[in-house]
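Lettering of chains follows the sequences in order, A, B, ..., and the numbering in each one begins at 1. Atom set for the values below is all heavy atoms of this structure, side chains included, hydrogens, waters and symmetry mates excluded.
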Amino acid sequence: MRWSTLFIPTLRDAPADAEAASHRLLVRGGFIRQLQSGHYSMLPLGWRVHRKVAEVIRQEMDAIGAQELLLPALHPASVWQASGRWESMGDEMFRLVDRKGADLALGMTHEEVIALLGLELSSYRDLPQMWYQIQTKFRDEPRPKSGLLRVREFAMKDSYSIDLDDAGLDRSFDLHHHAYVRIFARLGLDAVPVEASSGAMGGSASIEFMVESPAGEDDVARCGGCGYAANVERASAATESVENRPAGDAPEPFPTPGIRTIAALTEAGHPPEHQIKTLVYEADGDLVLLLLRGDHPFLEQKFVDATGVADLRPADADRIRDALGASPGSLGAVGVDGFTIYADPALRGRSGMTTGANEDDVHLHGVDVERDVAVDHWLDLRGVLDGEPCAACGEPLQVVRCIEAGHIFKLGRRYAEALGVSVLDAEGNARTPTMGSYGIGVGRAMATVAEVLHDDAGLCWPVGIAPYEVVLTVVKVDHEASMEVAGRWHDELAAAGVDVLLDDRDARPGVKFADAELIGIPLRVTIGPRGLDLGSVEFTRRADGDTTEVTVDDLVASVLDAVFDGRQLSR
RNA sequence: CGGGAUGUGGCGCAGUCAGGCAGCGCACCUGCUUUGGGAGCAGGGGGUCGGCGGUUCAAAUCCGCCCAUCCCGACCA
């Protein structure tokens, strides 16, 4: 293609409200434009990358035997009501009413629709099945952000497996795991599989593929010693043992005027590891008490995952006061009953502890947790902190910010059951199959690559997904010999299947170099009178700036070599 | 949903405090010169100043309401 005829609106300055590197560069490079918050137009350059990323995903899905199909984006309420998710998805689902008054939803995901198709399956001989699509998903995100990283409308590759039994599900899950490893490697991403919470999807196990980046929204705890890696929503660490402070036979109240925080109580001589942090939450409307060691943060997702509570929020101060007789900052669980009390295992065996007395400006010391508190459930509630020892090997854990690039779930029989899917097994018994679901956001994957592979000058796409593989930069377009040779090479390379871009714009060389670097074309041939007089041109690699002089006769072969090498790396 | 901020030409911004002809840089168009890392000179086009209402002789500017966008948090496959 000739650059002069293309729509590549590059900008010298990024929009002021773009923060993330990928957001700034994709807008500046003319890949995307925002229509409204969370909705982006893919311009020609962006769409080329998007299609190439999708193609990588397609190839790897096909390679594990998955079959591509396409499901509707607009769903009747009934299928979501059947699974119970019409209610549970809440405000995140876009809903509308058609002219007949029927309730509809824009699909956030397609488990229900897939399960409906599963009704066509009647025999164990039909299993296993793996189906996938690349389809637009709609989610009314509370806060779209960071360009393509979190949006409300996006293309997602979602696949679904249907198996007769758990062993089959394990097999389908592992196939996807391997496919995902290959996909991310081909995209040039270092994606780490980590144990994850299954959240609203439910199911028995899930693994997220995480790419380290400050633009991410998840924290992952990783162990350099044994390779343990888990989302902090699930991660655990060894508890560093604390020696109990000496204490008497019963808790003793003492005055703590004005003290409302862990930090303030620490200054008063009670280190956080000797405090019990008491949190009061409403769990589906009921008040519950959550106890943690003073220096341990509460991780809500752990509680939600363990209890199945749908709606968890901090109780408001009035309700707490009515229930316990004190305000947050002076709360404790000693002698409290009538509320379910959950305690983190780090409090087991602890004594000599300090906690609120449920009377403003009074705390208790000398508390023995198991003696003085009627704990109903011991439950891992705490968030892992950077540097804590790994539970498996004792090495310090690192907590790193990551982008969730992919997520695979073992769903179990929930959806098949809800939609009434069943097949006959070899003995003629009706069996409910078990399902898995597996997702990769195409635009997010693209933005993640941009986030990780760029420098001050712009993007650095891997050859496999670059919008063009090579750009022929003609330094002086009114130099006939330059244009002649560039045109010939363009045609030869295009005929050889290379995505080649000929920069024939009548612009200054500096502008052309800067644009080529900004949009991240991995290979550049610089064609100018200076070199041509000597029978050579410059050949530059975007990634490292490495430049070599190549003779005119060898140029096409050199480019083909480099392109095929580059494609090889991404496969 | 809570907190913070911002809306002036395609992009970046000044002007708002203290009301008085809507400006600057980049980009764009024309001409001349220039031509291997974001050229120079000259001329030119383009803006409901987010929207609605109010105050005023006069509103980008003051007041009220609304909308949009971004950031932090909550939330979130």
request  = Report yes or no: is there a donor-acceptor pair, N or O only, under 3.5 Å between the side chain of Glu517(A) and the base of rG38(B)?
outcome  = no

request  = Determine, for Phe173(A) and Lys410(A), whether the Lys NZ or Arg CZ falls below 6.0 Å from the six-membered ring centre while staying within 45 degrees of the axis.
outcome  = yes

ask   = Now, which nucleotide makes the Watson-Crick or G-U wobble pair with rC26(B), with each of the two distances under 3.5 Å?
value = rG10(B)

request  = May I ask you to test the Ser78(A)-Trp86(A) pair for a side-chain heavy-atom distance under 4.5 Å?
outcome  = no

note = Of Met156(A) and Ser146(A), the one whose nearest nucleotide on RNA chain B sits closer to the 5' end is Ser146(A)

key: Sugar-phosphate, base or nothing in reach of Thr526(A), heavy atoms under 4.0 Å   = base

Arg33(A) to Tyr40(A) six-membered ring, cation-pi geometry met (6.0 Å, 45°) = no

query = Glu538(A) near the nucleic acid: base, sugar-phosphate alone, or nothing, with a heavy-atom cut-off under 4.0 Å?
reply = base

ask   = Quick one: is the NZ or CZ of Arg542(A) closer than 6.0 Å to the six-membered ring centre of Trp461(A), and within 45° of its axis?
value = no

Please produce a list of atom pairs where a protein N or O lies less than 3.5 Å from an N or O of nucleotides 8-14 of chain B.
unit_1: rC11(B); atom_1: O2'; unit_2: Asp13(A); atom_2: O; d: 3.1
unit_1: rG12(B); atom_1: OP1; unit_2: Ala16(A); atom_2: N; d: 2.6

task = Using a strict 4.0 Å threshold on nitrogen-to-oxygen distance, state whether Arg222(A) and Glu212(A) make a salt bridge.
result = yes

task = Scan Gly441(A) against the nucleic acid and name what it touches under 4.0 Å (heavy atoms): base, sugar-phosphate only, or nothing.
result = nothing

task = Please work out if Asp515(A) contacts a base, only the sugar-phosphate, or nothing of the nucleic acid, heavy-atom cut-off 4.0 Å.
result = base

task = Give Gly528(A) one of three labels, base, sugar-phosphate or nothing, depending on what nucleic acid heavy atoms sit under 4.0 Å from its own.
result = base

task = Classify the nucleic acid contact of Arg28(A) as base, sugar-phosphate or nothing, counting any heavy atom under 4.0 Å across all strands shown.
result = base

message = What's Glu404(A) touching, base or sugar-phosphate or nothing? Going by heavy atoms closer than 4.0 Å.
response = sugar-phosphate

task = Classify the nucleic acid contact of Arg505(A) as base, sugar-phosphate or nothing, counting any heavy atom under 4.0 Å across all strands shown.
result = nothing

key: Most 5' of Met108(A) and Ala20(A) on RNA chain B, judged by nearest nucleotide   = Ala20(A)

query = NA contact type, Lys512(A), heavy-atom cut-off 4.0 Å: base, sugar-phosphate, or nothing?
reply = nothing

inquiry  = For a quick check, tell me whether the side chain of Arg143(A) and the base of rC75(B) share a donor-acceptor pair closer than 3.5 Å.
reply    = no

ask   = Could you state the CD-P distance from Glu217(A) to rC75(B), rounded to the nearest angstrom?
value = 13 Å

